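Working notes for the structure below.
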Amino acid sequence: MTTEGENKNNQRTQFLEKPETADMAVEGCTVNNDRRGFLRGAGLATMSAAVGMVIPFHRNIPQGFIPAAMAQENVLMGKDGLTLLNDRPVNAETPPELLDDAITPTNRHFIRNNGLPPEDMSAEGWTLTVDGFVDNPMEMSIAALKDNFEVVTMALTVECGGNGRAFFDPPASGNQWTLGAVACSEWTGVRLKDVLAKAGVQSNVVYTAHFGADSHLSGEEGKLPISRGMPIAKAMTDNILIAFAMNGEDLHPMNGAPLRLVVPGWPGSCSQKWLRRIELRDQVHDGPKMTGKAYRVPAYPVSPGTDVPKEDFVIIERMPVKSLVTFPANGAESGKETEVRGHAWSGDRMVDSLDISIDFGATWQSASLDAPVNSGAWQNWRANVTFPQAGYYEVWARATDSAGEAQPFAINWNPKGYLNNTMHRVGLRVS
Ligand SMILES: Nc1nc2c(c(=O)[nH]1)N[C@H]1C(S)=C(S)[C@@H](COP(=O)(O)O)O[C@H]1N2
Ligand SMILES: [Mo]
């Protein structure tokens, strides 16, 4: 497990080798080829402004290098301690021990981008269009959304469908998320169902289609990086927000500013960022990452490595029961008595119990588990454990949901590496 400091060092080294990472850290968002190297020219002013003084030897700064003072403060635009998996598009996850808060602070919310964020994320002039099979198609400003619908704040869990992919064997291609592509921040917005009701959902509607303002990595005009949707019955549930704020502030640029969907319990890909349009369709949506094998799993269990025919894949709906240990950190030293704590969640369901084991699963002890603060929020749990003697232990956490489903020991393998909900194991050195 890397420490926060090590992480930053890694990222600093990365800046030397990968100018685009540096550009992104300085600029915060778009990493276009034509902007690369801006640090040498127009970027100097930005750089001086950021460090708060002139940089006398600026001519010697290598391409892509950014001042260490900035690397510390501006890595991933105010995100703190995240592990950068990929910089084009930007993908960054949060080490579990940094997800200890009941409500995930914005600087610790993971980032999953399929394309390049839009250049202009200003709320002024931003509109949301709702069209397709509706009685009253509409185009509304963010101000109009606030005026016309009840504004609500909810803690909502967002987890990438591919969280845990790194543990697949044989491996699955895609971002190698370990544990930290999940978060539960407090989102403020209007309910999707209220907006859809006002638009007037026609009786033939079966699916939504979501469109954002980000652009495809190829730079091809009009080509979308991702456009997903969900069954209309799901869209009409209470805890889905069209959000314009997170944790009491404007949305973070990397988390979809100025407007996004937040669909708790389903793959994060349903939660379209930089949201511009919702179309109601009389058939399942067929946008990018809706078809083929994207966000789909075989309709039946398969053994690892199986080549499954395309037509046997089904669209992922709810995410499975899962939990995290957020304290202590993996690899930490511990006394003989310690509190162990974390979070648990299960798609649209409640988690009923959380058990922990310190003896590799031979015996289990139940943790105290809170109710979610609202529907769609993860549940916090804690337990006091006593280790019988000094030595190496692992704390395993296993959540069981309201349908009696529990986290498995072994990965439910699928070709694209989705839905890994195996138990989180944290190694401890007890002295
Ligand atoms: N417009 C747009 N929306 C998007 C994406 C994207 O690439 N573009 N990524 C999706 C995926 S796959 C996930 S897991 C979540 C991640 O949200 P976050 O980046 O705020 O953590 O956003 C979803 N919404
Ligand atoms: Mo995702």
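In each ligand, atom 1 is the first atom listed, and ligand 1 is the first ligand listed. Just so it is clear, the model here is predicted, and its values are computed rather than measured.
Neither the backbone nor the side chain of E159 comes within contact range of ligand 1; no heavy atom lies under 4.0 Å. Under 4.0 angstrom from ligand 1, the non-hydrogen atoms of F110 come from both its backbone and its side chain.
The ligand atoms of ligand 1 that sit less than 4.0 angstrom from a heavy atom of N255 are 18 (P), 19 (O), 20 (O), 21 (O). Under a 4.0 Å criterion applied to the non-hydrogen atoms of C160, ligand 1 contributes the atoms 14 (S). The S271 neighbourhood of ligand 1 comprises atoms 22 (O), 23 (C), 24 (N), with distances under 4.0 Å to a heavy atom of that residue. When each atom of ligand 1 is checked for a heavy atom of N113 under 4.0 Å away, the hits are 7 (O). Close approach of ligand 1 to D214 (heavy-atom distance below 4.0 Å) involves ligand atoms 1 (N), 2 (C), 6 (C), 7 (O), 8 (N).
With G268, P117, P89, A183 as candidates, the residue nearest to atom 15 (C) of ligand 1 on a non-hydrogen basis is G268. Of the listed residues (N91, V158, I226), the one carrying the non-hydrogen atom nearest atom 6 (C) of ligand 1 is I226. Evaluated by nearest non-hydrogen atom to atom 22 (O) of ligand 1, the leading choice among K289, R260, Q272 is R260.
Between the side chains of T106 and N247, at least one donor-acceptor pair of N or O atoms lies under 3.5 Å. With hydrogens and angles left out, the side-chain atoms of T208 and E279 include no donor and acceptor closer than 3.5 Å. In the model, T94 has no side-chain atom that pairs as donor or acceptor with a side-chain atom of R108 under 3.5 Å. A side-chain N or O of T422 and one of N420 form a donor-acceptor pair less than 3.5 Å apart. In this model, a donor atom of one side chain and an acceptor atom of the other lie less than 3.5 Å apart for R318 and S346.
By the 30° and 60° cut-offs, the orientation of the rings of F211 relative to H285 is perpendicular. Between F110 and W177, the ring-plane angle classifies as perpendicular under the 30° and 60° cut-offs.
The environment of CG in D250 is sparse: at most 12 heavy-atom neighbours from other residues, nucleotides or ligands sit within 6.0 Å.
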Please assess R260 against W274 for the test side chain to side chain contact (heavy atoms under 4.5 Å, CB included), listing each intermediate value before the final yes or no. CA-CA 5 Å; R260 75 172 299 173; W274 310 293; over 6 Å; no
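For ligand 1, none of its N or O atoms has an N or O atom of Y295 under 3.5 Å away.
Taking the centre and axis of the six-membered ring of F133, the NZ or CZ atom of R281 falls outside the cone set by 45° and 6.0 Å.
Atom 3 (N) of ligand 1 has its closest protein heavy atom at K273 N, 2.8 Å. Ranking protein heavy atoms by distance to atom 10 (C) of ligand 1, first place goes to S269 CA, 3.7 Å. Among all non-hydrogen protein atoms, the one lying nearest atom 7 (O) of ligand 1 is N114 N, 2.7 Å.
Judged by the shortest distance from any of its heavy atoms, P225 lies outside the 4.0 Å radius around the atoms of ligand 1.
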